[in-house]
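Being a predicted model, the structure only gives us computed values, none of them experimental. Numbers for residues simply follow the sequence, beginning at 1. For ligands, and for the atoms within them, numbers begin at 1 and follow the listed sequence.
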Amino acid sequence: MLNDIRYEYFESVDSTNDRIKSRAHEEESQGLVISAGQQTAGKGRIGRKWESPSHDSIATSILLRPEEIKLDSIPTITVVAAMAVRDALYRIYGLDGQIKWPNDIVLGGKKICGILTEMEMKDNKVWFVVVGIGVNVHNRSFPEDIAFKATSVDLELEKVGGGQGHREELTKEIWNSFKKYYNIFIETQDMTGLKEEYEKHLANRGNRVRIEDRENSYEAVALGINDKGELIVEVDSEERIIRTGEVSVRGIYGYV
Ligand code: BT5
């Protein structure tokens with residue numbers, strides 16, 4: 001169970017995930033959240049970069065020490081975190097985002113949030129897990145290579161009549177929401193208690209998507225998720241399971 005959450009804030013760090021990792025090595029207990037105004041080396045998945053250069057966005061990470069957790073339940077934590085961010089954006093701002101499996105939240109067809117879950121093992125067991133969340137809040141423009149697919153809370157609020165995001169308030173709402181979903185997840189270490197709600201917000205459900213991994217790229221129809229939080233797709237009238245990892249799922253007409 002995740003109970004108390006303790007917040008620390010820094011003006012600038014390399015990566016909030018890396019800050020949490022060094023604290024985890026110093027035997028820090030579960031529930032520490034480190035947030036930063038900017039990251040100089042923000043990380044995406046598989047060596048990609050996450051842009052959080054100014055004080056416009058949220059970069060925040062939590063330390064988890066799940067007891068007796070199975071290794072193959074770890075990727076599911078990303079799926080749980082995505083639900084939390086979606087929920088927080090909806091509850092504070094009424095922004096009705098969708099989850100682009102496994103780790104993006106999208107609004108108006110563009111990415112507003114990315115999630116990176118990392119873990120370390122010790123004595124053949126999961127030692128700790130770090131969940132890092134990046135949300136674009138006040139950003140009005142983005143580097144050229146992502147401008148076509150990135151959005152922010154303020155840009156989305158503008159479309160529905162205005163208003164402004166608030167980074168501290170949103171950060172707290174995200175982790176409160178994460179606590180709620182994570183504690184449901186940890187009971188069974190899977191998505192049984194959360195799947196129904198998750199699927200309501202799954203982007204591209206029932207639509208054609210393109211699955212891209214290192215070797216292959218093919219079209220499929222996204223059907224939903226299974227109890228492990230893996231994506232179920234249909235290819236040539238057969239169901240196939242897509243595991244997290246080095247896979248991208250795209251709509252066939254663009255980023256979402
Ligand atoms: C992610 O990876 O989306 C995970 C991002 C996790 C960031 C958080 S911030 C707090 C914590 N500390 C860290 O160092 N990281 C975590 P991925 O699915 O691989 O997507 C990365 C891709 O998203 C990049 O290659 C760009 O195309 C795009 N991208 C980068 N910055 C972006 C931004 N600010 N907004 C939207 N898209 C972005």
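Using a 4.0 angstrom heavy-atom cutoff, G42 counts as in contact with ligand 1. The closest approach between K110 and ligand 1 stays at or above 4.0 Å for every heavy atom of the residue.
Atom 33 (C) of ligand 1 has as its closest protein heavy atom W50 CH2, 3.4 Å. For atom 24 (C) of ligand 1, the nearest non-hydrogen atom of the protein is K49 O, 3.4 Å. The nearest protein atom to atom 10 (C) of ligand 1, hydrogens excluded, is given as T16 OG1, 3.1 Å; this is a heavy-atom distance. The protein heavy atom nearest to atom 19 (O) of ligand 1 is R48 NE, 2.7 Å. Of the protein's heavy atoms, I146 CG2, 3.5 Å lies nearest to atom 26 (C) of ligand 1. Atom 36 (C) of ligand 1 has its closest protein heavy atom at A150 CB, 3.6 Å. Protein heavy atom at the shortest distance from atom 12 (N) of ligand 1 is Q39 OE1, 2.9 Å.
Seen from the ring of Y218, R240 counts as a face-on cation partner, given the 6.0 Å and 45° thresholds.
Close contacts between ligand 1 and T60 involve ligand atoms 10 (C) [criterion: under 4.0 Å to a heavy atom]. Counting atoms of ligand 1 from 1 in the listed order, those under 4.0 Å from a heavy atom of N136 are 33 (C), 34 (N), 35 (N), 36 (C).
Considering only non-hydrogen atoms, atom 3 (O) of ligand 1 lies nearest to K111 out of R45, K111, K100, R19. When the options N103, D145, L116 are ranked by their closest heavy atom to atom 1 (C) of ligand 1, first place goes to N103.
No option in T76, I184, V79 other than I184 meets the side-chain contact (heavy atoms from CB on, under 4.5 Å) test with L194. Exactly one residue among V85, N183, I77 makes a side-chain contact (heavy atoms from CB on, under 4.5 Å) with F178. That residue is I77.
Atom CD of E168 is surrounded by 12 or fewer heavy atoms from other residues, nucleotides or ligands within 6.0 Å.
A side-chain donor from one of D56 and S54 sits under 3.5 Å from a side-chain acceptor of the other. The closest side-chain donor-acceptor pair between N17 and S61 falls under 3.5 angstrom. A donor-acceptor contact closer than 3.5 angstrom is absent between the side chains of D154 and S152. Side chains of S217 and R210: a donor-acceptor N/O pair is present below 3.5 angstrom, by distance only.
The aromatic rings of F185 and Y182 are tilted relative to each other, their planes meeting at an angle between 30° and 60°.
Taking only nitrogen or oxygen atoms, main chain and side chain alike, K43 reaches within less than 3.5 Å of ligand 1. Taking any N or O of S15, backbone or side chain, at least one lies under 3.5 Å from an N or O belonging to ligand 1.
Using a 4.0 Å cut-off between charged side-chain N and carboxylate O, R140 and E158 make a salt bridge.
Of all the heavy atoms of E51, the ones lying under 4.0 Å from any atom of ligand 1 are found in both the backbone and the side chain. When heavy-atom distances to ligand 1 are checked against a 4.0 Å cut-off, I112 has no atom that comes that close, whether in backbone or side chain. Only side-chain heavy atoms of K149 come within less than 4.0 Å of ligand 1; its backbone N, CA, C and O stay farther off.
In this structure, I133 CD1 and I105 CD1 are separated by 8.5 Å, a value rounded to the nearest 0.5 Å.
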